[in-house]
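Only one structure is covered here, and it is reproduced in the block below.
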Amino acid sequence: MAKVLRIETTPFEDQRPGTSGLRKKVPVFQKRHYLENFVQSIFNTIGGLNGKTIVVGGDGRYYNNEAIQTIIKMSVANGAKKIMVGRGGLLSTPATSHIIRKYGLDGGIILSASHNPAGPEGDFGIKFNTPNGGPAPQKVTDAIYEETLKIDHYFILDIEEIDVSTLGQIQVLDTVIEVIDPVKDYVDLMERLFDFDAIQDLLTKKGFRMIYDGMHAVTGPYAREIFVNRLRAEKGCLYRCDPLPDFGGGHPDPNLTYARELVDMLYGDEAPDFGAASDGDGDRNMILGRKFFVTPSDSVAILAANAHLVKAYRDGLKGVARSMPTSMALDEVAHDLGIACYETPTGWKFFGNLLDAGKITICGEESFGTGSDHVREKDGLWAILFWLNIIAKRGKDVREIVEEHWRRYGRHYYTRHDYEDLDPDKAHALMDALRVRLRTLPGTTIGDETVESCDDFSYTDPIDGSRVEHQGIRVFFKAKGRVVYRLSGTGTQGATLRVYIERPTRDNKQLDQDPQAFLASLIHAASTLAQITERTGRSRPSVIT
Ligand code: G1P
Ligand code: ZN
């Protein structure tokens, strides 16, 4: 007979959630009581679990199984009415969001460190999503953190492993543990949103070829069901679609650096027509055409501009939103459509209220995240299906669609330079020094660039009035264009400085330049203004996207 144990514990000082939940190296999560303290703090924050139903799942990375067992045992010990678990402990982030919404749950726990590498020395993460299906807003994550500083006991069940490998229900004490199919509900939702007939015609047409790179992460089984079983594409379109606990040793971040093999295929001889990838937990996406890369900032703008071609969005969009550092390409489309475009801080949680209040339909971030009001997370496969739907309806290839878009709305040249694993003191000092100079920067000239204005971005949520500050330093230049500096809130090692650089042009003769070359003078100004080399010792970024 299972017994509820009350375990005495002491707080850890380092459990403050970042941009997207609590992320730490695996050995940190393996410390005695570490995961348990955080999970109990979540339960305490939401007023206990008594009589509640939650879902739990993860991206299958190293330590997923152990964490799932712990969370199930703690949920039962805390008196949950029901806990739903993805079979094998797997659930993509957007699928979890959908499950919470579809079944009207009290929340969900997602185990993932998204696109960060996995393995015994890799990263692990845990995130709580609220009943709207979205990541807990700042006031909830702050409350969880406060709780972690006070916690002195937690409850857990004294019981053997619970089998989560077969579908069905198990009753333990007052709790039903239900193992669910992680794929079906989500794929049914996709089928309702998109024109599967048109996409199937495209994918089975002679001459059209696509490759989907699952990066050995959670989306493999979803992609198999969608592309092969339902849309009848050839099996050969699935690349790295078997989930592995260490993601095959890779870095499951779909960008030009970490999805190199896919990029090489799309830029090689006999390249397929369409290439796409998703990240560790399935919320990010990268879109490629033959010898062509679509920047995420352009992608969200193009989805908005073409949304009327897609079943679920054919009646128009309520509004759109982008995170502040995302390029302003989306603003041009919103202006043209006569709808609002909101500018939010970095992180999906800031879109939640706007989506819930029906202010926006589509939103996105420059960091390979795109989504809509169908769930409350960004959604990789959703974005990929959206693109296929547009290609099928317009009968044009990726490059043609993007270039036409630029001719109509102008092109926003864009690049992000990341300086990873910096000494945190030096990184903070760099940001502080910029902040101190905010008043004096306007008028400063560096090479061809003169600063027009600058600020430290703050945001007041238009729905609940909550306010956040210090969300990134923005510098606007006289010759149009802007640079944004901020420190990452998702890293687990050192600090990462992100520098976002953007310049729009409406000159049709300037649409086919290399972004690094087109932006060279802004890139130089960005690094000089912040004294990046002097302050960090780095002469170039570690990753450019
Ligand atoms: C990064 C991205 C951000 C995204 C988050 C979670 O956060 O920049 O847009 O929402 O990952 O995927 P950061 O490390 O910059 O705080
Ligand atoms: Zn992710």
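Only this structure's heavy atoms are used, side chains among them; waters, hydrogens and symmetry mates stay out. Counting convention: from 1, in listed order, for ligands and their atoms alike.
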| query | For atom 7 (O) of ligand 1, what is the nearest protein heavy atom, given as residue, atom name and distance? | reply | T490 CG2, 3.5 Å
| query | Between G489 and ligand 1, does any nitrogen or oxygen pair lie at a separation below 3.5 Å? | reply | yes
| remark: Nearest non-hydrogen protein atom to atom 6 (C) of ligand 1, with distance, is K378 NZ, 3.5 Å
| message | Would the distance check show the side chain of R538 and the main-chain N or O of Y419 forming a donor-acceptor pair, the cut-off being under 3.5 Å? | response | no
| note | Quick note on ligand 1: atoms under 4.0 Å from a heavy atom of R498 include exactly 8 (O), 13 (P), 14 (O), 15 (O)
| request: Would you mind naming the N, O or S atom of D283 nearest to the Zn ion (ligand 2)? | output: OD1
| Starting from atom 4 (C) of ligand 1, which protein heavy atom do you reach first, and at what distance in Å? | E365 OE1, 3.6 Å
| request: Flag D59 as yes if one of its N/O/S atoms falls below 2.8 Å of the Zn ion (ligand 2), otherwise no. | output: no
| task | Flag H115 as yes when one of its N or O atoms lies below 3.5 Å from any N or O atom of ligand 1, and as no otherwise. | result | no
| said: With a sphere of 6.0 Å drawn around NZ of K359, does it hold more than 12 non-hydrogen atoms of other residues, nucleotides or ligands? | reply: no
| message | When you measure from the side chain of T219 to the backbone of Y222, do you find a donor-acceptor pair of N or O atoms at a distance under 3.5 Å? | response | no
| With no hydrogens and no angle check, is any side-chain donor or acceptor of S542 less than 3.5 Å from a backbone partner on D418? | yes
| query | With a 6.0 Å cut-off on ring centres, are Y313 and F386 close enough? | reply | yes
| Close approach, G347 and ligand 1, non-hydrogen under 4.0 angstrom | yes
| field | Side-chain donor or acceptor of H335 paired with backbone N/O of D331 under 3.5 Å | value | no
| To the nearest 10°, what's the angle at the Zn ion (ligand 2) between atoms OD1 (D281) and OD2 (D279)? | 90°
| remark: Of all protein heavy atoms, the one nearest atom 11 (O) of ligand 1 is R284 NH2, 3.1 Å
| said: Over 60° means perpendicular and under 30° means parallel, so tell me whether F350 and Y459 are parallel, tilted or perpendicular. | reply: perpendicular
| note | Of all protein heavy atoms, the one nearest atom 2 (C) of ligand 1 is S367 OG, 3.5 Å
| query | Y145 ring centre to R16 NZ or CZ under 6.0 Å, with the angle to the axis within 45°? | reply | yes
| request: With heavy atoms under 4.0 Å as the rule, classify the contact between S488 and ligand 1 as side chain, backbone, both or neither. | output: both
| T346 N/O to ligand 1 N/O under 3.5 Å | no
| Hey, is there an N, O or S on S114 sitting under 2.8 Å from the Zn ion (ligand 2)? | yes
| message | Below 3.5 Å, N or O to N or O, backbone or side chain included: is there any such pair between R23 and ligand 1? | response | no
| query | Do other residues, nucleotides or ligands put more than 12 heavy atoms under 6.0 Å from the NZ atom of K184? | reply | no
| To the nearest 0.5 Å, how far apart are OG in S278 and CD1 in I384? | 5.5 Å
